[in-house]
Protein chains: 2
Amino acid sequence: MEMRFDMAQNGALPPVARSCGGQSCENCVVRDHAICAGLDDADRDALSRIGRRVTLQAGQTVMWEGGDSTVVANVIDGTLKLATSTGDGREQIVGVVYAADFIGRPFGARTPHSVTALTDARLCLFPRGSFDGFALRHGELQHRLLQRTLDDLDRTRAWMLLLGRKTAREKVATFLLDMGRRLRADADGVIDLPLSRQQIADVLGTTIETVSRQMTEMKRTGVIDLVGRRGVRLVDSAALEALTEAG
Amino acid sequence: MEMRFDMAQNGALPPVARSCGGQSCENCVVRDHAICAGLDDADRDALSRIGRRVTLQAGQTVMWEGGDSTVVANVIDGTLKLATSTGDGREQIVGVVYAADFIGRPFGARTPHSVTALTDARLCLFPRGSFDGFALRHGELQHRLLQRTLDDLDRTRAWMLLLGRKTAREKVATFLLDMGRRLRADADGVIDLPLSRQQIADVLGTTIETVSRQMTEMKRTGVIDLVGRRGVRLVDSAALEALTEAG
DNA sequence: CTTATGCCTTGATCCTTGTCAAAAGCGGGC
DNA sequence: GCCCGCTTTTGACAAGGATCAAGGCATAAG
């Protein structure tokens, strides 16, 4: 088992996080998709007074595995990873979150996994205590949080099938299709992956070499095309879909 | 990849499930631990009128992967597995549930995984629509459901680390300690596993042969003791704990 | 434009685990 | 108490993927 101690990943928040408290919900790009959607103006306003905007740079960590659960947040934009690791440094990415997703552990003392920005990102950050109190008083918000948590659980369990039972080929194919669904391709049909090869390996429970070999092979057979380090074009999605469940 | 089509596992519910509608919540053994705990007498009574008790035999399936989500339930006693599989028959167990746990997919159209009894079991079964309506009107119940779902998600993510990054030895050690925590040992310190070797393999994302070899080896080194097919004694929990994260 | 720094790719080899096959042993039924 | 069926164990072998080791190539800095 290889060990990595990736210092760049562990940059703590700067002493004073760049807060944009002046920003309100009115011009928030995720207001209709995040859990705050459905709140009336007064409630949304009350919630916004609890939170503050925070900007993160790629590589910054907001929450640590096993640390006190002091904050929760909505993702305004950017991509972040949720990860756990063994004592000897093996890492497993247990979730990737995007704009409008919710992060952190409400109603619990500890954060069971770390949260780290993969790209530059903006969050709408709430102290957990205040957020918990607000949620308890607003059934609609709690309901949306429940819906989202149930969906997360479904997705997570589907991923367990991949980790436990799929081959390297199937894992990579599933991953690429999943990225194609979540990320928008540019005019040339190229997707800009928010993850490095190592991080893809950490999502799939395999190694960087295996990911690289599988992707190269898929390029050779014309199923995908690789553009620079982070670019992928899904040339033949049907073929990719087929690779999802067969030798 | 091996394929199994385990017919005994797929026994459908009998045409008329043995219902014990006469049973009330008053003498329910899980009333203080299931999500209904915390409801006042009137509300609990209303909820009980929605549900009915059902008895399952080991091997019976209550919900199917991808099927309509028509019912949800509290487990009164027994052990059940949650599972997903690939089109070619590889199975991954994504959860094991015990007395007082909640099963099924509220607030969603489809059940994303199957639910099958591992031992004889009793459920308190609710039609999903009625349950959803009740939950929407009772914030306390919804809050308990949220708490439980958040805990499930945390446990599930912890299990992803096992599936993606742990060795066979570490997987089996982690599994045995987990069982030791959840199940009570008898006077001799022997735990009666609710899972066959194959099912253990399906939980750990490995094969029956690997599970067997690891357990035999642990017995040889005196860390555990094997008693019949389903019995295990955790002789040296500290040593087992050590095997959880090292070669 | 040139150079330097990491990522990423590629190659060779090893080894853990999966696969195939058969023997052993537990448990239930007669 | 004995036998039969099925689970579990054990063995031999194969292979997919991990590990070790260079080398190539984007990307950013000078």
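Letters go in sequence order (proteins before strands), and every chain restarts at 1. The basis for the numbers below is simple: all heavy atoms, side chains too, and nothing from hydrogens, waters or symmetry mates.
Of the candidates C:dT9, C:dT19, D:dG17, the closest approach to any side-chain atom of B:Thr207 belongs to C:dT19. Across C:dG18, C:dC8, D:dT9, the shortest atom-to-atom separation from the side chain of A:Ile208 is found for C:dC8.
The side chain to side chain donor-acceptor pair (under 3.5 Å) check on A:Gln92 picks up nothing, with sequence neighbours excluded. With sequence neighbours excluded, no residue satisfies side chain to side chain donor-acceptor pair (under 3.5 Å) with A:Asp192. In terms of the salt bridge (Lys or Arg N to Asp or Glu O under 4.0 Å) criterion, B:Arg230 has no residue partners (sequence neighbours excluded). With sequence neighbours left out, the ring-ring contact (aromatic ring centres under 6.0 Å, His included) criterion links A:Phe102 to A:Phe131. Legend: residues meeting salt bridge (Lys or Arg N to Asp or Glu O under 4.0 Å) with A:Arg233, ordered by chain and number and at least two apart, are A:Asp225. Partners of B:Arg105 under the salt bridge (Lys or Arg N to Asp or Glu O under 4.0 Å) rule, at least two apart in sequence or in another chain, are A:Asp151, A:Asp154. By the side chain to side chain donor-acceptor pair (under 3.5 Å) test, B:Ser212 is found to be paired with no residue, residues two or more places apart in sequence or in another chain being considered.
End-to-end axis angle of the helix from C:dC1-D:dG30 to C:dC30-D:dG1, using five pairs per end and rounding to 10°, comes to 40°.
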N/O contacts under 3.5 Å, protein versus nucleotides 11-13 of chain C?
unit_1 : atom_1 : unit_2   : atom_2 : d
C:dG11 : N7     : A:Arg213 : NH1    : 2.9
C:dG11 : O6     : A:Arg213 : NH2    : 3.4
C:dA12 : N6     : A:Arg213 : NH2    : 3.4

Could you list the protein-to-nucleotides 23-30 of chain D atom pairs, N/O on both sides, closer than 3.5 Å?
unit_1 : atom_1 : unit_2   : atom_2 : d
D:dA26 : N3     : A:Arg229 : NH2    : 2.9

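Screening residues 177-186 of chain A for salt bridge (Lys or Arg N to Asp or Glu O under 4.0 Å) gives A:Asp178-A:Arg181, A:Asp178-A:Arg182 as the qualifying pairs, with residues at least two apart or on separate chains. Screening residues 67-77 of chain A for salt bridge (Lys or Arg N to Asp or Glu O under 4.0 Å), with sequence neighbours left out, gives A:Asp68-A:Arg110, A:Asp77-A:Arg122.
A:Arg169 places its CZ atom 16 Å from the P atom of D:dA15, with the value rounded to the nearest Å. The CG atom of B:Leu226 sits 7 Å away from the P atom of D:dT9 (whole-angstrom rounding). Going from atom CD of B:Gln198 over to atom P of D:dT9 covers 12 Å, rounded to whole Å. In this structure, the CE atom of A:Met215 is 11 Å from the C1' atom of C:dC8, given to the nearest Å. Atom pair B:Arg90:CZ and C:dG18:P shows a separation of 13 Å (rounding to whole Å applied). Between B:Gln214 atom CD and C:dG18 atom C1' the separation is 13 Å, expressed in whole Å. The interatomic distance linking A:Leu204 (CG) with D:dG16 (C1') rounds to 16 Å, in whole Å. Per the geometry, CZ belonging to B:Arg165 stands 16 Å off C1' belonging to C:dT17, to the nearest Å.
For the OP1/OP2 pair of D:dT10 and a distance below 4.0 Å, the side-chain nitrogens and oxygens of B:Thr216 include at least one atom meeting the criterion. Remark: B:Thr206 is not in phosphate contact with C:dT17, judged by side-chain N or O atoms under 4.0 Å from OP1 or OP2.
Contact check for B:Thr206 versus B:Val211: side-chain heavy atoms found under the 4.5 Å cut-off.
Residue B:Gln60 holds its CD atom at 10.0 Å from CG of B:Leu123, rounded to the nearest 0.5 Å.
Side-chain N or O atoms of B:Thr119 include none that pairs as donor or acceptor with a backbone N or O of B:Gly78 at under 3.5 Å.
Here A:Ser212 lies in heavy-atom contact (under 4.0 Å) with a base.
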